[in-house]
Amino acid sequence: MKVSRSIRVAIGAVAVALAATACGGDESRSVTESAADGTLTVGIKFDQPGLGLRNPDGTFSGFDVDVARYVADQLGVSEENITFKEAPSAQRETLIQNGEVDYIVATYSITDSRKEKVDFAGPYFETGQSLLVRVDDTEITGPESLNDGKILCSVAGSTPAQNIKENYAQDVQLQEFDTYSLCVEALRSGAVDAVTTDAVILAGYAAQSPGSFKLVGDTFTTELYGIGLAKGDDESRNQINDAIQEMLDSGAWEAAYEENLGASGYPIPDKPMIDRY
Ligand code: GLU
C-alpha cells in the first residue's frame, strides 16, 4: 500500500509526541506510582557512619537507611527492591528534580529555600550544628573560638557551610569539600582545624575512630531532617508522613536509632512532630 507523504509526516509527528510523553511521564512519576510498579530508587549518603553508609561488602546501613527501608516497606516495596543511590549534599535537589531518585533520606534539613524546589515529608529527626576537633585540641571550644584564621571544613551545598558563610566568615577560613568523610580525613591529617556539620553526623565519625576526635560546644542551630521528594507530589508526601508516624509509634524508630547510633553515645532526641503542610 502506498502511503501519502502527508500521512507519513503525521504518523512521524504522533510517534515523536508519544515518545516525549513517555519520557516526561517517567521523570514525573510519583513515589506511589513507582512503589506500585514494585521498585524504588532512594538517595542516601554513602559515607556517614551510623546514618548512611555503603559497607565494603556492598550492603548499606545506618539510621537513614533504616528510615528509607521502613518507608518503602509501608509503601509495599521490600528491601531487595530498593536501589540506593548516593546523594551528596549539593546534588539532592537536582537528583529529585531530574527524577533520578524517588525520595531522599540523607541528613537532609528542611529549609524554606530547598522547599522552593522540592517537598519534604517529616521531620523524622532533630539535631543541630556542632564542631568536631582532634581529641588533643584545647583551643577550639565552640563557634566563638573559631578565630585567628582557623581552617574549618564543611560540605558544599549544606546548611552548616551556609551558616558559617553568613555568620562567621570574618573569623574563619571555610574549606568546602563534597563529602564529610573528606573533611574528617583532612582533620585527621592536620590540613584543617575543625569540621562542622550536624552533631549526630559528627558523633558517627567520632565513634568510628575512637580516641581521635571529640565534639565541642553546644549545638548552635536546629536541623530538622525531612524526606525529600518531588514538589507537588502531595499524595506520596502524605503516605510517607503516615509511614514515619508509624515508625515513631511502633517503637521501630527508637530501635533503629539504638542499633545504628546507640554506641556513638549521642543521646536520642525527642520524637519530632510531623509537619502536615
Ligand atoms: N543537615 C544539613 C543539610 O541538610 C547538613 C548535613 C548534610 O549536608 O547532609 O545540609
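Both ligands and their constituent atoms are indexed starting at 1 by order of listing.
You'll find the ring centres of F125 and F63 inside the 6.0 Å limit. Taking the ring centroids of F84 and F60, they lie under the 6.0 Å cut-off.
The contact set between ligand 1 and K45, taken as ligand atoms under 4.0 Å from a residue heavy atom, comprises 7 (C), 8 (O), 9 (O). Each of the atoms 3 (C), 4 (O), 7 (C), 8 (O), 9 (O), 10 (O) of ligand 1 lies under 4.0 Å from some heavy atom of R92. Interface of Y108 with ligand 1, defined as ligand atoms under 4.0 Å from a residue heavy atom, comprises 4 (O). Every atom of ligand 1 is numbered from 1 in the order shown, and the set under 4.0 Å from a heavy atom of A106 is 9 (O). Applying the 4.0 Å criterion to heavy atoms of Y225 picks out, from ligand 1, the atoms 1 (N). If you number the atoms of ligand 1 from 1 as listed, the ones under 4.0 Å from a heavy atom of S158 come out as 8 (O), 10 (O). Under a 4.0 Å criterion applied to the non-hydrogen atoms of P160, ligand 1 contributes the atoms 2 (C), 5 (C).
The main-chain N or O of I151 is found under 3.5 Å from a side-chain atom of D193 such that the two form a donor-acceptor pair. Remark: side-chain polar atoms of K271 are paired, donor with acceptor, to backbone N or O of L248 under 3.5 angstrom.
Put simply, no part of V155 is less than 4.0 Å from ligand 1, judged by heavy atoms. For Q162, the closest heavy-atom approach to ligand 1 does not fall below 4.0 Å.
Residue contacts with ligand 1, taken as heavy atom pairs separated by less than 4.0 Å, involve S89 solely via side-chain atoms from C-beta onward. Of all the heavy atoms of T197, the ones lying under 4.0 Å from any atom of ligand 1 belong exclusively to the side chain. Contacts between T159 and ligand 1 below 4.0 angstrom, taking non-hydrogen atoms only, involve backbone and side chain alike. When heavy-atom distances to ligand 1 are checked against a 4.0 Å cut-off, I201 comes that close only through its side chain, counted from C-beta outward. Looking at Q129 against ligand 1, nothing comes within 4.0 Å, counting heavy atoms.
Rounding to the nearest 0.5 angstrom, the gap separating the CG atom in L182 from the CD atom in Q175 is 10.0 Å.
Between R69 and E80, no side-chain nitrogen of the basic residue sits less than 4.0 Å from a carboxylate oxygen of the acidic one, so the salt-bridge criterion is not met.
In this structure, D178 places its CG atom where only 12 or fewer heavy-atom neighbours from other residues, nucleotides or ligands lie under 6.0 Å away. Residue E100 qualifies as enclosed at atom CD: its count of foreign heavy atoms under 6.0 Å is above 12.
With no hydrogens or angles considered, a side-chain donor-acceptor pair links D249 and Q245 at under 3.5 Å. Neither side chain, D66 nor Y257, offers a donor N or O lying under 3.5 Å from an acceptor on the other.
No N or O atom of Q48 sits closer than 3.5 Å to an N or O atom of ligand 1.
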